[in-house]
Number of protein chains: 2
Amino acid sequence: MSSVKHITVKDIAKELKISASTVSRALSDHPDISTATKRNVLNTAEKLNYFPDSIAQSLKTKNRKTIGVIVPEIKHLFFSNVISGIEDVAYNSGYTIIVCQSNEDVNREIINTRALLSQRVSGIIVSISQTTSSYDHFFVAKKRKVPIVFFDRVPDDFEANKVIINDKESAYNAVKFLIQKNYKRIAHFGGANELRISKDRCLGYKEALVDNGIEVNESLIIHGGLHEEDGYKAMEMLLKNGSVPDAIFAVNDPVAIGAFTKIKEAGLEIPKDIALIGFSNNPITSLVDPKITTIDQHPEDMGKLTAETLIAEIEKEKTIDITETKVIKSSFVEREST
Amino acid sequence: MSSVKHITVKDIAKELKISASTVSRALSDHPDISTATKRNVLNTAEKLNYFPDSIAQSLKTKNRKTIGVIVPEIKHLFFSNVISGIEDVAYNSGYTIIVCQSNEDVNREIINTRALLSQRVSGIIVSISQTTSSYDHFFVAKKRKVPIVFFDRVPDDFEANKVIINDKESAYNAVKFLIQKNYKRIAHFGGANELRISKDRCLGYKEALVDNGIEVNESLIIHGGLHEEDGYKAMEMLLKNGSVPDAIFAVNDPVAIGAFTKIKEAGLEIPKDIALIGFSNNPITSLVDPKITTIDQHPEDMGKLTAETLIAEIEKEKTIDITETKVIKSSFVEREST
DNA sequence: TTATATATTGCAAACGTTTGCGGAAAGAAA
DNA sequence: TTTCTTTCCGCAAACGTTTGCAATATATAA
């Protein structure tokens, strides 16, 4: 089903017996064109149902108003919220977004950036996959001068604008909160240590302990994945070992939920036997009983800020090579599990 | 920050002292080109880090391998799952997706379709907003022969391929299930009646009642929105009226959750005092206590099927004008709330 | 050796825009 | 009347590809 012939600027020109260039200028409200012909052009454009071919436009002007987005998983609640924020500011700035998911696979991430580069996007937003350790594919974008800004899952050793939340500080405060509530044996269920977010949250956890005179007990730190089953298994392991904690700080909400489930199954009570803090403010946390204390990352704001910095970089005149990592402050959401 | 000069086919040609056309043909593995020059071309393309300009390509070939997606809200769980499915099959077919959200606003939906048409997408996937009642903007796409396929929120009176789930049947079966469990006063919390899904689910509800000898009691049917607060308010109203039901069939999970919250607040027990069935199989439903019985819509499969039908239509040779609405079978997920 | 077929490559136009430049027409100034 | 502005518009090239056709070189057949 091939597309029918589109109406072009030439068709309008022919209809009006004028040149294509005046039509083009009339459509873009160029001062050289008389108001009379402008009116005529607009009218027949309307009549013929003309749509400018933005493909041709951006070929000519080198200005594709498009930004590419690469995330690990679109359906992940956090990412879909971020994308929503990105789309919003993109829309309001006249940009259009192409979204790809890496499925946590570097190769797909590489292919995606190649595709975006081929599409001549004006900029790229990415949250890297769990399996990327080399950044060559981002370097080729950099060499091409197409701006990249990373969010949340950002590479340590790649010079670019980034936006994150204050993971370490958030973790620190959460754990400090637990300590002040007089919890002593505080466990941490973390994610893969390659991810900055996992590392930072773990760091915050440890610092809060030592700053408050509690020595870190490595047997209470369990690094697994980022999903529910990982929290479940971690809790299971601790129970089996007999080294049960009196509080848990989980790297994110799914992990917290996994632990939550196992705790209840074991007949223990929250927060009486074990307190629990998650990370993300997933809607689920406010619906379970007891409601889980967590940390709000403001994902939609993060998406907006990311898109804003990218667009600013795209539209900046001079290419000043100073990069920045902006940090959004999380909010502690105290509920019933602590 | 304007983009640096990109490497073109001409640059490769110059480097090799051959013509641009042979380079082009070599890159696309045209049989006319000798293997020797093909090898050379490939090598220098690699060396110069050449990326084909797909903008120029699609201007020339009229073949943009891109599909546009318009949904009401990206961050809505159902839609992000569908988008995930769409992206997956698009990726595997070499397509790229542009996603827009209408925010339930027709005007934005109109602007979005105009933008997609300008982008010369090969096809469009849409789930219409709650406020669209006229389909003029889709008609212009149709006239341009760019295929549209609708999913879930599909227009009644617009000829196109559509994919939906068996809403009415699903509702019918759910309510029948309640009746067989001996519930008598079954309420329905529905959405706006303009939406086909709301209408169909309500229809299934009513039919199940009459088919089983229960007369429909309009005071037990409350039409509100699709969000949590709507379910909460509906339940509140019923309690205030003193006309409390012994079971509720909600139009979707958020509404069910809202009702759930109010029921618990009122000190009533689920399912002893009131049974509850939702719609969507939102993860939340399996985490609350008691777990809520619901209906799985298989959103990711729906996304895949939608993308597949669209791509089939795009790549079909002859434009045969027969449209079809495919229906995906939902799954009933029985849990503790019934 | 000449004629014919085959294998490679190049030329140039085209896709739908935008834009620098030059030019005609008309009005203003001299 | 002539000269200078101003207003408005058209020509043609360009963006980076693809592709029909012609052209050359080489191999095969006669």
Side-chain angles (χ1 to χ4, degrees), chain A residues 2-42 44-45 48-66 117-122 144 146, chain B residues 2-42 44-45 48-66 117-122 144 146:
Chain A
S2 65
S3 170
V4 88
K5 183 192 180 307
H6 285 272
I7 299 293
T8 79
V9 96
K10 290 181 189 169
D11 296 318
I12 300 180
K14 202 174 299 171
E15 176 96 1
L16 258 45
K17 301 192 198 315
I18 59 177
S19 80
S21 26
T22 44
V23 173
S24 171
R25 279 188 260 253
L27 288 171
S28 55
D29 202 27
H30 191 287
D32 269 8
I33 305 300
S34 74
T35 49
T37 57
K38 273 180 189 168
R39 189 165 18 83
N40 288 336
V41 168
L42 256 14
T44 64
L48 299 183
N49 225 321
Y50 168 78
F51 284 80
D53 186 327
S54 43
I55 294 306
Q57 284 181 146
S58 47
L59 175 62
K60 178 64 189 172
T61 65
K62 318 253 110 230
N63 189 8
R64 200 91 236 284
K65 301 247 307 174
T66 295
L117 253 17
S118 263
Q119 294 277 357
R120 298 294 189 256
V121 295
S122 331
R144 289 273 184 284
V146 359
Chain B
S2 66
S3 170
V4 87
K5 182 191 180 305
H6 285 272
I7 300 294
T8 78
V9 97
K10 290 180 189 170
D11 296 317
I12 301 180
K14 201 175 300 172
E15 176 96 0
L16 259 46
K17 301 191 198 316
I18 58 179
S19 80
S21 27
T22 44
V23 172
S24 171
R25 279 188 261 252
L27 288 171
S28 55
D29 203 27
H30 191 287
D32 270 7
I33 306 299
S34 73
T35 49
T37 57
K38 272 180 189 168
R39 189 164 20 83
N40 288 337
V41 169
L42 256 14
T44 64
L48 299 182
N49 226 322
Y50 167 78
F51 284 80
D53 186 328
S54 44
I55 294 305
Q57 284 180 146
S58 48
L59 175 62
K60 179 64 187 171
T61 65
K62 319 253 109 227
N63 188 8
R64 201 88 232 289
K65 299 237 335 173
T66 295
L117 253 16
S118 262
Q119 294 277 358
R120 299 295 189 255
V121 295
S122 330
R144 288 273 185 285
V146 358

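The sequence lines fix the lettering, A, B, ..., with proteins before strands; numbering per chain opens at 1.
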*asked:* Among residues at least two apart in sequence or on other chains, which ones pass side chain to side chain donor-acceptor pair (under 3.5 Å) with B/Thr22?
replied: B/Ser19

_Any residue meeting side chain to side chain contact (heavy atoms under 4.5 Å, CB included) with B/Asp11, in chain and number order, not counting sequence neighbours_ = B/Lys5, B/Ile7, B/Thr8

*Partners of A/Ser24 by side chain to side chain donor-acceptor pair (under 3.5 Å), sequence neighbours excluded?*
none

*Using the heavy-atom set of chain A and a strict 4.0 Å cut-off, write down the first and last nucleotide of DNA chain D that makes it in, 5' to 3'.*
D/dC8 to D/dG16

*Measuring from A/Ser58:OG to B/Gln119:CD, what's the distance to the nearest 0.5 Å?*
7.0 Å

*Residue pairs fulfilling salt bridge (charged side-chain N to carboxylate O under 4.0 Å, His left out) with at least one residue in residues 17-36 of chain A, sequence neighbours excluded*: A/Asp29-A/Lys38

_Inter-end axis angle, the helix from C/dT1-D/dA30 to C/dA30-D/dT1, with every axis fitted to five base pairs (rounded, 10 degrees)_ = 60°

_DNA chain C contacts made by residues 24-41 of chain B, counting heavy atoms under 4.0 Å_ = B/Arg25, B/Asp32, B/Ile33, B/Ser34, B/Thr37

*Who passes salt bridge (charged side-chain N to carboxylate O under 4.0 Å, His left out) against A/Arg64, sequence neighbours left out?*
none

*Kindly write out the residues that satisfy side chain to side chain donor-acceptor pair (under 3.5 Å) with B/Thr37, not counting sequence neighbours, or none if the list is empty.*
B/Ser34

*Hey, what do you get for OG1 (B/Thr66) to CD1 (A/Ile55), rounding to the nearest 0.5 Å?*
7.0 Å

*Between atom OG of B/Ser28 and atom CD of B/Gln57, what is the distance when rounded to the nearest 0.5 Å?*
9.0 Å

*Sequence neighbours excluded, which residues qualify as side chain to side chain contact (heavy atoms under 4.5 Å, CB included) partners of B/Lys60?*
none

_Proximity to DNA chain C (any heavy atom under 4.0 Å), residues of residues 14-22 of chain A only_ = A/Ser21

*For B/Ser118, does its backbone N or O pair with a side-chain atom of A/Ser54 as donor and acceptor, under 3.5 Å?*
yes

*Mind checking side chain to side chain contact (heavy atoms under 4.5 Å, CB included) for B/Leu42 and listing every partner two or more places apart, or none if nothing turns up?*
B/Leu27

